[in-house]
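These numbers come from the heavy atoms of this one structure, side chains and all, not from hydrogens, waters or symmetry mates. This structure is a prediction, so every number in the text was calculated from the model and none was measured.
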Amino acid sequence: MIRTTRASEIAISLSLYEVGSTTLFLLGGEAKQDAWLAMLLGAGAGLLLLLVYLLMYRLDAERDLFEMCRHYLGSIFGWIAAFALTAYFAYEASRNFRDIGELAVQTMLNRTPMSIIIFISVLIASYITYLGPRAAFRLSVIYAYVMAFGYVLILVMVPLTGLLHTKFMFPVLENGFAPVWRAAMPNIVSFPFGQTVLFLVYFKYAQKGKHLGRLTIVSYLATAVFLTVLNQLVILVLGPEIATIGTYPLFMVVQMMEVANVIERADALFVLLLFMGIGMKANFLLIGAGIGLQRITGIRYKLWVIPLALTVFGLTYLSPTFTEYFRTGLKLTVEQLMPITQLVTPGILVIAMLIGKKKRKPA
């Protein structure tokens with residue numbers, strides 16, 4: 001395998017992937033004004049998971065996640081684990097496409113059928129998937145510049161509008177540490193910080209000797225701080241009570257922005273940023289699922305693009321209503337599926353890798 005991707009591109013892609021659809025929701029709402037503490041706690045736990053993933057990469061830099069499963073867990077259990085992870089990535093991709101459709105219909109394109117919006121999104125993502133990981137990495141770097149400018153603009157403009165109310169930060173730990181812990185574990189760890197498990201598929205593409213681990217950790221920490229600030233911004237504007245009941249609370253904040261009667265309708269900018277972030281996240285998940293199918297079946301990756309796209313498009317309609325879709329995402333995906341894919345499976349795998357490495361050492 002030719003390693004042609006810069007470590008910096010993978011680190012930036014990981015950051016973009018983490019932001020993805022995260023800004024669409026309020027995280028840690030259960031902790032009320034202490035949501036920032038829940039975010040930091042979740043980010044800390046997610047960092048530990050990322051360090052485990054980087055350890056797995058260091059132990060075997062020549063294999064991706066699926067190849068590790070099949071090599072270290074045996075032919076049967078390895079195949080089952082690889083298939084389960086592939087199915088999970090495809091399902092997660094479908095949820096991101098559903099997010100795009102729901103967001104578009106509820107904000108900017110309320111007269112357009114959601115099926116058309118999702119179909120076009122899947123079609124565009126399928127083309128990028130066909131081009132492969134390298135194209136996705138380079139596109140994400142371009143997107144990162146645009147998204148960084150847009151989000152920084154929002155962070156600067158909100159204080160200028162006088163919408164911030166620092167009183168919503170207090171009292172700190174009014175109800176003790178228990179609500180903070182419940183908000184972070186496992187919800188915030190699972191989404192978004194533990195989702196970096198996907199990048200075990202992509203680390204092997206990085207050029208050797210280019211400080212992948214250091215750049216990835218720095219990118220992760222910067223993203224965690226950014227998401228914490230942006231998440232708390234919602235509470236400081238809307239207050240913890242209103243923020244927790246809003247469907248898209250940050251979108252509500254952006255709609256309230258108006259600077260000197262010159263800058264208005266910033267919500268269009270925010271929706272564009274969300275489309276870019278969610279779209280790239282769905283792309284990386286789709287590519288990951290495609291690579292998984294290649295590893296499992298031996299059939300060339302590009303031949304799976306169309307069947308995979310049709311499957312993912314169909315999966316977006318598993319939940320007929322938005323309420324059921326939202327509840328399924330919280331109860332099934334975040335609280336049950338994600339801990340298995342992010343903690344249990346990698347945990348078993350890294351133990352098998354360490355045992356295998358110890359057995360290979362000469363006496």
Novice: Could you check whether atom OH of Tyr317 has more than 12 heavy atoms from other residues, nucleotides or ligands sitting under 6.0 Å from it?
Specialist: yes
Novice: Any side-chain heavy-atom pair from Val152 and Phe149 closer than 4.5 angstrom?
Specialist: no
Novice: Run the numbers on Phe284 and Phe199 for ring-ring contact (aromatic ring centres under 6.0 Å, His included), then give the verdict.
Specialist: CA-CA 9 Å; Phe284 282 119; Phe199 275 71; 5.7 Å; yes
Novice: What pair of heavy atoms forms the shortest contact from Ala35 to Ile235, and how long is it?
Specialist: CB-CD1, 3.4 Å
Novice: On the six-membered ring of Tyr205, is Arg134 placed so that its NZ or CZ lies under 6.0 angstrom from the centre and within 45° of the ring axis?
Specialist: no
Novice: For Thr341, is there any backbone N or O sitting under 3.5 Å from a side-chain donor or acceptor partner on Thr345?
Specialist: no
Novice: Can you measure from OH (Tyr53) to CG (Leu65) and round to the nearest 0.5 angstrom?
Specialist: 9.5 Å
Novice: Within this structure, what is the CE-CZ distance for the pair Met108 and Phe270, rounded to the nearest 0.5 Å?
Specialist: 12.0 Å
Novice: Of all heavy-atom pairs between Asp64 and Arg295, which one has the smallest distance, and what is that distance?
Specialist: OD2-NE, 2.7 Å
Novice: Going by atom types only, do Gln195 and Glu92 share a side-chain donor-acceptor pair under 3.5 Å?
Specialist: yes
Novice: Does Cys69 offer a backbone N or O that forms a donor-acceptor pair with the side chain of His71 under 3.5 Å?
Specialist: no
Novice: How far apart are the closest heavy atoms of Gly42 and Ala184, and which atoms are they?
Specialist: N-CB, 4.0 Å
Novice: For the CG atom of Leu236 and the CG atom of Leu164, what is their distance to the nearest 0.5 Å?
Specialist: 6.0 Å
Novice: Where the side chain of Tyr301 meets the backbone of Thr129, is there a donor-acceptor pair that is under 3.5 Å apart?
Specialist: yes
Novice: Working to the nearest 0.5 Å, report the span between CD1 of Ile100 and CG of Leu109.
Specialist: 12.0 Å
Novice: To the nearest 0.5 Å, what is the distance between CD1 on Ile348 and CE on Met353?
Specialist: 14.0 Å
Novice: Could you give the distance from CG (Leu16) to CE (Met280), rounded to the nearest 0.5 Å?
Specialist: 6.0 Å
Novice: Taking everything shown except Ile306 itself, do over 12 heavy atoms lie less than 6.0 Å from its CD1?
Specialist: no
Novice: Please name the pair of heavy atoms, one in Val201 and one in Gly288, separated by the smallest distance, quoted to 0.1 Å.
Specialist: CG1-CA, 4.4 Å
Novice: If hydrophobic clusters are built by linking Ile, Leu, Val, Met, Phe, Trp and Tyr wherever their side-chain heavy atoms come under 4.5 Å apart, do Phe25 and Phe275 end up in the same one?
Specialist: yes
Novice: How about Tyr325 and Asp99: does a side-chain donor come under 3.5 Å of a side-chain acceptor?
Specialist: yes
Novice: If I compare all heavy atoms of Ala81 with all of Leu73, which pair ends up nearest, and what's the gap?
Specialist: CB-CD1, 4.0 Å
Novice: Is the number of heavy atoms from other residues, nucleotides or ligands under 6.0 Å of Tyr130 OH greater than 12?
Specialist: no
Novice: Give a yes or no on whether a salt bridge exists between Glu18 and Lys281, defined as a side-chain N under 4.0 angstrom from a carboxylate O.
Specialist: no
Novice: Using a 4.5 Å cut-off on heavy atoms from C-beta on, say whether the side chain of Arg63 contacts that of Lys204.
Specialist: no
Novice: Ring-plane angle category for Phe226 and Tyr151, please: parallel below 30°, perpendicular beyond 60°, tilted otherwise.
Specialist: perpendicular
Novice: So does Phe83 have more than 12 non-hydrogen atoms from other groups sitting under 6.0 Å from CZ?
Specialist: no
